[in-house]
Structure formats: C-alpha cells, structure tokens
Amino acid sequence: MTDNNGKAKIIFIGTADFGLPAFKALIKDGDFEIVLVITQPDKPIGRKQIVTSSPIKIAAEKNDLIILQPEHIIDIKEKISLLKPDLIFVAAYAQLIPEEILNLPKYGCLNLHASLLPKYRGSAIIQAAILNNDEQTGLTIIKMDKGLDTGPILAQTVVSIGKEDTAGTLYDKLSAASPDFTITTIKKYLAGKITPATQNSSQANYAKELTKSDGLINWSKPAINLERFIRAMNPWPIAWTWWKGKQVKIISAQSQPIEINSYKPGKTFKYNSGLAVQCGQNALIIKSLQLEGKSALLSEDFLRGHEDFIGNMLG
RNA sequence: CGCGGGGUAGAGCAGUUGGCAGCUCGCCAGGCCCAUAACCUGGAGGUCGCCGGUUCAAAUCCGGCCCCCGCAA
C-alpha cells in the first residue's frame, strides 16, 4: 500500500479547466497513480441553471478515477488520510485548503499558480499581468503552506504576453504550457532534486477577485490603459459601458493617437469609417461590441443598424 | 416555473390603432471620372423563426413550440 509498484500516489484537486492539461498529463504518466480526485460540487450554471460537472470531474470520470466533491474539503480529511498519498497536487480548485490537510501527504501539497510569484497572489492574476503592462508572466509551482499563495517556490516557467493577448488567450497559453512543466517539476521534486525557495514577500501583491462591476469602463482614463483594460477583462467579466440606459460590452478595441479637444471622454465619433470613443487621453477605436440582448458585432455591422450611436456620450 | 431583450433580403436594423414588406451596407449590371472604397442609374435577392387560431385581410392580434442573447446565479 505504501510503495505502489514504485508509482507515486497522487491526489489531484482542481475544478476549472485551467488545470485540465496538467491533470491529463498526470493521468497518462506511468510514474504516477491518481488515487483520488477532489473537485467542487456540481453546480447550476448558465441561464437555464443546468447542474453541471466541473471539467476536472468529467475528465476523471472518463478515466474511471475516484471522485469526491465535498462542500468543505475538511469534511473528507479522514478519507484523504487513509489513502496515505505521497503528494497532493492542486490546480484551480477555488477553495482554500486548510493546514491540517496540507500536512497529510508524505511530500506535502503542491499548487500550480498562473503567475510568477511572488508577483500576483490571489485570483485575477492573469488579468493583473495584462493590466500592469507586463511583458511576461508565467507559471509557478509552490509547496503550499497555510497562507494564500505564500508557499516556497519549486519552479517557474515564463510565458510572454503579446500585444494582442487577452486574459483568455493568455489563459490558454499558460494552460498549454502547464503539462510538461508540471510533470517535470513533480518528478524532480519527488527525486529530491529541488530545494524549495522562500518567496520574497516584500515583492508580493494580491490580485483581488473580479466581479461584473469591475468591467465598467472609466472613459476618463488614457486610451492606452483602456485598451489593456479591455484585453484584461476579456473573456470575463468583459469591459462594458452604458449607452441610453443599456449596457454595451466592448469586446475589443485599439488605442489611437487622436484627440479632439472639444470632445469629452466617452464621446463617440466616426474615425475613418470606424467607430471611435474619446478617452481621457487619445481615443479608442472600437473593433467589436455587443449591446445587451444582442450578439457581438463588428463595429461596422453594429453601426449599420445603430447610426445614432455616433455622437453620443458613453458611460 | 429566477428577471429581461431578440429572431424581417447576404450583414446590421426599422416597421404592432392589422391593409400590396422598408432603410443602410453588401452583391450584380451600366454610367461618370485620369482614377477610386467616392458619385449617379438600374437590378437580383425575403416561406417576416416554426405550428395552429381569429379575420375579407396577420410581420403586426391570440395560443403553443424552437433557437439566440443580456442580467442574475
């Protein structure tokens, strides 16, 4: 039971699809045996409130793995203990794991985190990297301690941020980089080849969880900042503004060094047959947008049916 | 039964006191011009989401269904 044919006994804990590639890699790798998968309970999702399983649960079912979905992970402490896991690996679980559980596995708990710690602890870390105009971000695997993303660092890998990257595309890049990174790091760690390095907490900062209202655009900010903001808010919560009492999502936009002094921030106007909005400094060319109740449209399509959009104040 | 918006020409929209179906753009043809994404003229293209009902007459009123979307979760 202890030495399971030389395979390390791993408990995988995760919910969102961010951890999926790493999860699948762990399943396939012959050096590991996933003895348990822990994921969030099925929840009603979407307009129809259909009860849906997490991506991790669906993948676990396909591989006939044992799954637990406790409301609070502490409730299954005994079960975890009985399995005598070598390692617990956590990726995008969306629940804090108490210290009592962190200490159960022989080699502790590792966490896959989507930033270069100690920069950006917390939730909206991918968005934070774009908002702050970072040229690169990456993945970090830490050995978890009782704090939030404060444990010592085992390894990091860098992913560059492109000028066109949204939180969504960056999320995909990071997710795609995770399988090799995860497998390599775990193997080195279990072989005793890694010495965890304490984080320099003086350089740490937290990226708080975003809500829908965080997507509201403040047009008095410079266009260049708003362009980043719009990329960071995509695909969720999506940057949005008000127009005639209705919400309008700004899906994508590009800052342009044009400024019309008589226009106040939030004023819409035509620019080379395109749609532009005056910002605090310079203007944004809106490439695609979505009116509430309608589907997302390129601005040229949108304007065909909403000529009165031009010359209005947004916000 | 969580709240709400919407399905009309290839695209985006207008059109509900019921009365031959419209606008902008695109497309095709022709014209103007040194030339053009500009301009002018002409043209093609629609079972008005589906089914049923009321009516002399339904995109429009009534009933049922399907699909898309915003909010909330």
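Since this is a predicted model, take the numbers as computed values, not measurements. Numbers restart at 1 for each chain; the letters A, B, ... are given by sequence-line order, proteins then strands.
Pairing for A14(B) is absent, with no Watson-Crick or G-U wobble pair whose two atom distances lie under 3.5 Å. As the counterpart of A57(B), no nucleotide is assigned, since no Watson-Crick or G-U wobble pattern has both distances under 3.5 Å. Checking C33(B) for Watson-Crick or G-U wobble geometry (two distances, each under 3.5 Å) identifies no partner in any strand. Pairing of C71(B), defined by two Watson-Crick or G-U wobble distances under 3.5 Å, is identified with G2(B). For G63(B), the paired base is C51(B) (Watson-Crick or G-U wobble, both distances below 3.5 Å).
A donor-acceptor contact under 3.5 angstrom links the side chains of T140(A) and Q156(A), judged on distance only. No side-chain N or O of S54(A) forms a donor-acceptor pair with one of T15(A) less than 3.5 Å apart. Q278(A) and K264(A) form no side-chain donor-acceptor contact under 3.5 Å, judged by distance and modelled atom types alone. A donor-acceptor contact closer than 3.5 angstrom links the side chains of T211(A) and D214(A). Side-chain polar atoms of S299(A) and R304(A) form no donor-acceptor pair below 3.5 angstrom. Between the side chains of Q256(A) and N282(A), no donor-acceptor pair is found at a separation under 3.5 Å.
Atom P of U54(B) sits at a distance of 44 Å from the matching atom of G42(B), rounded to the whole Å. The P atoms of G53(B) and U41(B) are separated by 46 Å, rounded to the nearest whole Å. Here the separation of G52(B) from A37(B), taken at their C1' atoms, is 49 Å to the nearest Å. The gap from the P atom of U60(B) to that of C20(B) amounts to 14 Å, rounded to the nearest Å. Distance check on atom C1': A9(B) versus G15(B) gives 15 Å, rounded to whole Å. G18(B) sits 34 Å from C71(B) when the C1' atoms are compared, rounded to a whole Å. The same atom, C1', is picked in C65(B) and in G46(B); the two are 23 Å apart, to the nearest Å. For the P atoms, the distance from G10(B) to U47(B) is 9 Å, rounded to whole Å.
Among the protein residues, K212(A) comes within range of the sugar-phosphate backbone only, with heavy atoms under 4.0 Å from sugar or phosphate atoms but none that close to a base. At the heavy-atom level, K43(A) lies nowhere under 4.0 Å from the strands shown. Note on E300(A): nothing from the nucleic acid sits closer than 4.0 angstrom, heavy atoms only.
F302(A) places its CZ atom 14 Å from the C1' atom of U24(B), with the value rounded to the nearest Å. Atom CD1 in I286(A) sits roughly 20 Å away from atom P in G12(B) (whole-Å rounding). Between the CD atom of Q290(A) and the P atom of C71(B) there is a distance of 8 Å, rounded to whole Å. One can place CD1 of I310(A) at 14 Å from C1' of G12(B), the figure rounded to the nearest angstrom. Taking atom CZ on R304(A) and atom P on G12(B), their separation rounds to 9 Å, with Å as the unit. One interatomic measurement links the two molecules: CZ of F309(A) to C1' of U24(B), which rounds to 17 Å at whole-angstrom precision. To the nearest angstrom, P of C25(B) lies 9 Å from NZ of K270(A). Here the C1' atom of nucleotide A72(B) and the CH2 atom of W236(A) are 12 Å apart, to the nearest Å.
One finds no side-chain N or O of K246(A) lying less than 4.0 angstrom from the OP1 or OP2 phosphate oxygen of G5(B). A sub-4.0 Å separation between OP1 or OP2 of G4(B) and a side-chain N or O of K294(A) is absent.
RNA chain B is contacted by both E307(A) and E292(A); E307(A) maps to the nucleotide lying nearer its 5′ end (nearest heavy atom per residue). Nearest-nucleotide positions on RNA chain B for Q247(A) and H306(A) put H306(A) closer to the 5' end.
Of the listed nucleotides (G12(B), U24(B), A72(B)), G12(B) has the atom at the smallest distance from the side chain of D301(A). Minimum atom distance to the side chain of L297(A) is reached by C13(B), of the listed G70(B), C13(B), C25(B).
Between atom CD1 of residue I251(A) and atom CD1 of residue I238(A) there is a gap of 4.5 Å, rounded to the nearest 0.5 Å.
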